[in-house]
Amino acid sequence: MKIKKSISIFTFSLFLLNIHAESFRIRKAHVISLKNELTEVSAGECNIYDAVAVYLPEDKTFIEGIEIKMVIPESIASWKNSVAATVYDKITPEPKSNQIDYSGTRLFVSTIPGKLSWVLQVPLKKENSIKENNYSTKIDNIPSSQATNLFVKFQPVMKGIPEEVLNSNITVSARPIFSDKGRLELNLIGEETSSENFSVFIDDSPVNLKKDIILKTGMHNLSVISENYRNEMRTFVIDQAKTTKLDIVLRGVEPSLILEAPEGVSIWLDDIDCTKQRGKEFIITEGEHSLKFVIGSYEVVRNISAIKGKTYKASLDVDLSISEN
C-alpha cells in the first residue's frame with residue numbers, strides 16, 4: 001500500500017506541472033446543457049477516460065456558479081487518489097459527443113477523494129457566496145466571462161490500477177448555483193411616464209429605472225413620488241432567480257369621488273344628476289361641492305370640500321331598525 005501511495009504522489013506531481021493550455025485526448029464526451037434548465041441535469045455514467053461538457057446558461061444574472069456532482073463507485077473510492085478530475089476553460093473545438101481531441105486551459109485539478117460522493121463548485125463570478133463543506137470542493141479560479149461551457153475530464157493517475165477500477169463508471173450531474181436575488185419588472189402606466197415626472201424608491205432607496213432592478217429575495221416596499229401624479233405605495237415579494245412583474249397605474253392629482261347608494265336612489269352633485277356614476281370613481285374639481293341623495297320625497301344633503309390628490313367616497317346606507325316596547 002505504501003508503494004501505491006508513493007507512485008500516486010509521484011505521478012500526480014508530474015500531472016500538476018503544466019498550468020498552461022494543453023492538448024489531450026479522451027474516450028468520449030458526455031454533453032449536457034444548462035442553457036434553459038434551472039434544475040439538476042444528469043450526464044449519465046462516465047468512464048474514467050471520459051469527459052463531461054456542461055454548457056452554461058445564457059443568462060447568468062442570478063447564477064453564482066455551477067455545481068458538478070459525482071456519485072463515485074466503491075471500486076474507485078477504495079483506490080483513493082487513483083483517478084483525477086480536471087476542469088478546463090476555453091476548450092476547443094466545441095465539445096461534441098463524437099469529438100475526442102481537445103485543447104483547453106486548466107482551471108483546477110484534483111484526485112477524486114475516497115468518498116462515495118463528491119461535489120465540485122465552480123464560481124462564475126468573483127463576488128459570490130458559495131461555501132464548501134466536507135462533501136464539496138470550491139474551485140478558486142473563475143472561467144473567462146466569454147465561457148460557454150465547462151469541461152471536466154477524468155483520467156487515471158496511478159500505475160497498477162486493477163481492471164475493476166478501469167472499467168468503473170462515475171455518475172455525473174450538474175446544476176446552477178443561484179444567488180439569493182431576483183428581478184423586479186416595474187411598469188408605470190400614465191399619460192406621461194417620463195422619469196422626470198416622478199421618483200421611485202424601494203425600501204427608501206432611490207431606483208434608476210434605466211437599469212435592471214435586481215433585489216434580494218423577500219418582501220420589499222415601493223413608493224412612487226410625483227408632483228403630477230398621486231403618490232403610490234406597494235408591497236411586493238422577490239423570489240430567487242425569478243422576475244416579479246408589477247404594474248402601477250399612475251393616477252392624476254385631481255380629486256375624485258365614488259358614489260354608493262341602493263337602487264332607486266337618485267344622486268345629484270351640484271344639481272347635476274350623477275345617478276349613472278354610482279359605483280364608479282370619477283374626477284371632480286377642487287373646492288366646495290353639494291351632494292344630494294333623493295329617495296322619493298326624502299333627501300339627504302351633504303357638502304364636500306375637495307382637496308387636490310384626495311379620493312372621497314359618499315355612501316348612503318338605508319337600514320331598518322325593529323325594537324320591542
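Cluster membership check: Val253 does not share its hydrophobic cluster with Ile284, using side-chain heavy-atom separations under 4.5 Å among Ile, Leu, Val, Met, Phe, Trp and Tyr. Connection of Leu215 to Leu209 is established within a shared hydrophobic cluster, with ILVMFWY side chains joined at heavy-atom distances below 4.5 Å, either directly or through further cluster members. In the hydrophobic clustering of ILVMFWY residues, with side-chain heavy atoms under 4.5 Å counting as a link, Phe108 and Ile66 come out together. In this structure, Phe62 is not a member of the same hydrophobic cluster as Tyr55, with clusters built from ILVMFWY side-chain heavy atoms closer than 4.5 Å. By the criterion of side-chain heavy atoms lying less than 4.5 angstrom apart, applied directly or through intervening Ile, Leu, Val, Met, Phe, Trp or Tyr residues, Ile142 is not grouped with Val119; the two fall into different hydrophobic clusters.
Between Tyr102 and Pro93, some side-chain heavy-atom pair lies under the 4.5 Å cut-off. Annotation: side chain of Leu184 is in contact with side chain of Ile238 (closest heavy-atom distance under 4.5 Å). Within the 4.5 Å cutoff, the side chain of Ile283 has no heavy atoms near those of the Pro255 side chain. Side-chain contact between Thr61 and Ile214 is present, with heavy atoms from C-beta onward closer than 4.5 Å. By the 4.5 Å heavy-atom criterion applied to side chains, Val224 and Leu250 are counted as neighbours. Side chains of Asn187 and Leu246 form no contact here, defined as non-hydrogen atoms less than 4.5 Å apart. Side-chain atoms of Ile267 and Gln277, non-hydrogen and from C-beta on, never get closer than 4.5 Å to each other. With a 4.5 Å cut-off on side-chain heavy atoms, Pro162 and Trp79 count as touching.
Glu260 and Lys313 are joined by a salt bridge, as a carboxylate oxygen and a charged side-chain nitrogen come within less than 4.0 angstrom of each other. In summary, Glu232 and Arg234 engage in a salt bridge, as defined by a charged side-chain N under 4.0 Å from a carboxylate O. With respect to Arg106 and Glu22, a salt bridge is recorded, a charged nitrogen being found less than 4.0 Å from a carboxylate O. Salt-bridge check for Lys216 with Asp180: failed, with every basic side-chain N at 4.0 Å or more from each acidic carboxylate O.
Gln240 places a side-chain N or O within donor-acceptor distance of the main-chain N or O of Ser179, the cut-off being under 3.5 Å. Put simply, the side chain of Ser205 never gets that close to the backbone of Phe201: no donor and acceptor are under 3.5 Å apart. Between the side chain of Arg251 and the backbone N or O of Asn231, no donor-acceptor pair lies under 3.5 Å. The backbone N or O of Ile213 sits nowhere less than 3.5 Å from a side-chain atom of Arg183 that would complete a donor-acceptor pair. Within the 3.5 Å criterion, the main-chain N or O of Leu166 finds a donor-acceptor partner in the side chain of Asn47. Although no hydrogens or angles enter the test, the distance criterion places no donor-acceptor pair under 3.5 Å between the side chain of Asn149 and the main chain of Ala53. Remark: side-chain polar atoms of Lys60 are paired, donor with acceptor, to backbone N or O of Pro57 under 3.5 angstrom. Gln155 contributes no side-chain N or O that, together with a main-chain N or O of Val83, makes up a donor-acceptor pair within less than 3.5 Å. Not one N or O on the side chain of Ser75 forms a donor-acceptor pair closer than 3.5 Å with the backbone of Ser168. When atom types are taken as modelled, the side chain of Asn128 and the backbone of Lys125 share a donor-acceptor pair closer than 3.5 angstrom.
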Check the pair Leu120, Val87 against side-chain contact (heavy atoms from CB on, under 4.5 Å), reporting the backbone distance first and the verdict last. CA-CA 9 Å; Leu120 282 180; Val87 181; 3.9 Å; yes
I'd like to know whether Thr217 forms a side-chain contact (heavy atoms from CB on, under 4.5 Å) with Asp239, so could you lay out the CA-CA distance, the side-chain angles of the two residues, the decisive distance to 0.1 Å, and finally the verdict. CA-CA 5 Å; Thr217 57; Asp239 295 319; 5.8 Å; no
Where do Ile32 and Ser42 land on the side-chain contact (heavy atoms from CB on, under 4.5 Å) test, with the steps shown first? CA-CA 7 Å; Ile32 60 177; Ser42 176; over 6 Å; no
Check the pair Leu188, Val200 against side-chain contact (heavy atoms from CB on, under 4.5 Å), reporting the backbone distance first and the verdict last. CA-CA 10 Å; Leu188 299 176; Val200 177; 4.1 Å; yes
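Under the side-chain contact (heavy atoms from CB on, under 4.5 Å) test applied with Pro143, the options Leu56, Leu124, Thr105 reduce to a single match, Leu124. Shown are Arg25, Lys28, Arg27; of these, the salt bridge (Lys or Arg N to Asp or Glu O under 4.0 Å) with Asp50 is made only by Arg27.
Taking CG of Asp204 as the reference point, atom CG of Leu222 lies at 11.0 Å (rounded to 0.5 Å). Note: Ile130 CD1 to Ile177 CD1 = 4.0 Å, rounded to the nearest 0.5 Å. How far CG of Leu269 is from SG of Cys274: 4.5 Å, rounded to the nearest 0.5 Å. Note that CD1 of Ile48 is 7.5 Å distant from CD1 of Ile170, once rounded to the nearest 0.5 Å. One finds the OG atom of Ser144 at 8.0 Å from the CG atom of Leu107 (value rounded to the nearest 0.5 Å). Residue Tyr312 holds its OH atom at 12.5 Å from CD1 of Ile258, rounded to the nearest 0.5 Å.
No more than 12 heavy atoms of other residues, nucleotides or ligands sit less than 6.0 Å from atom NZ of Lys90. Heavy-atom contacts from other residues, nucleotides or ligands closer than 6.0 Å to CG of Asn133 number more than 12. Residue Tyr135 places its OH atom among 12 or fewer non-hydrogen atoms of other residues, nucleotides or ligands, all under 6.0 Å distant. For Glu74, the CD atom sits in a loose shell: 12 or fewer heavy atoms of surrounding residues, nucleotides or ligands are nearer than 6.0 Å. The number of heavy-atom neighbours closer than 6.0 Å to CG of Asn208, taken from other residues, nucleotides and ligands shown, is above 12. No more than 12 heavy atoms of other residues, nucleotides or ligands shown are found within 6.0 angstrom of NZ on Lys242.
Taking each heavy atom of Gly252 and Arg230 in turn, the nearest pair found is O-NE, 2.9 Å. Nearest heavy-atom pair, Pro123 versus Ile139, reported as atom, atom and distance to 0.1 Å: CD-O, 3.2 Å. When all heavy atoms of Val172 and Cys46 are compared, the closest pair comes out as CG2-SG, 3.9 Å. The two atoms that bring Glu132 and Lys138 nearest to each other are OE1-N, 2.9 Å, heavy atoms only.
Remark: aromatic rings of Phe293 and Tyr298 are distant, center separation not under 6.0 Å. Taking the six-membered ring where the residue is Trp, the centroids of Phe154 and Tyr49 are separated by 6.0 Å or more.
Using cut-offs of 30° and 60° for the angle between ring planes, the Phe151 and Phe24 rings count as tilted.
Residues that satisfy the side chain to side chain contact (heavy atoms under 4.5 Å, CB included) test with Arg175, not counting sequence neighbours, are Glu40, Glu67.
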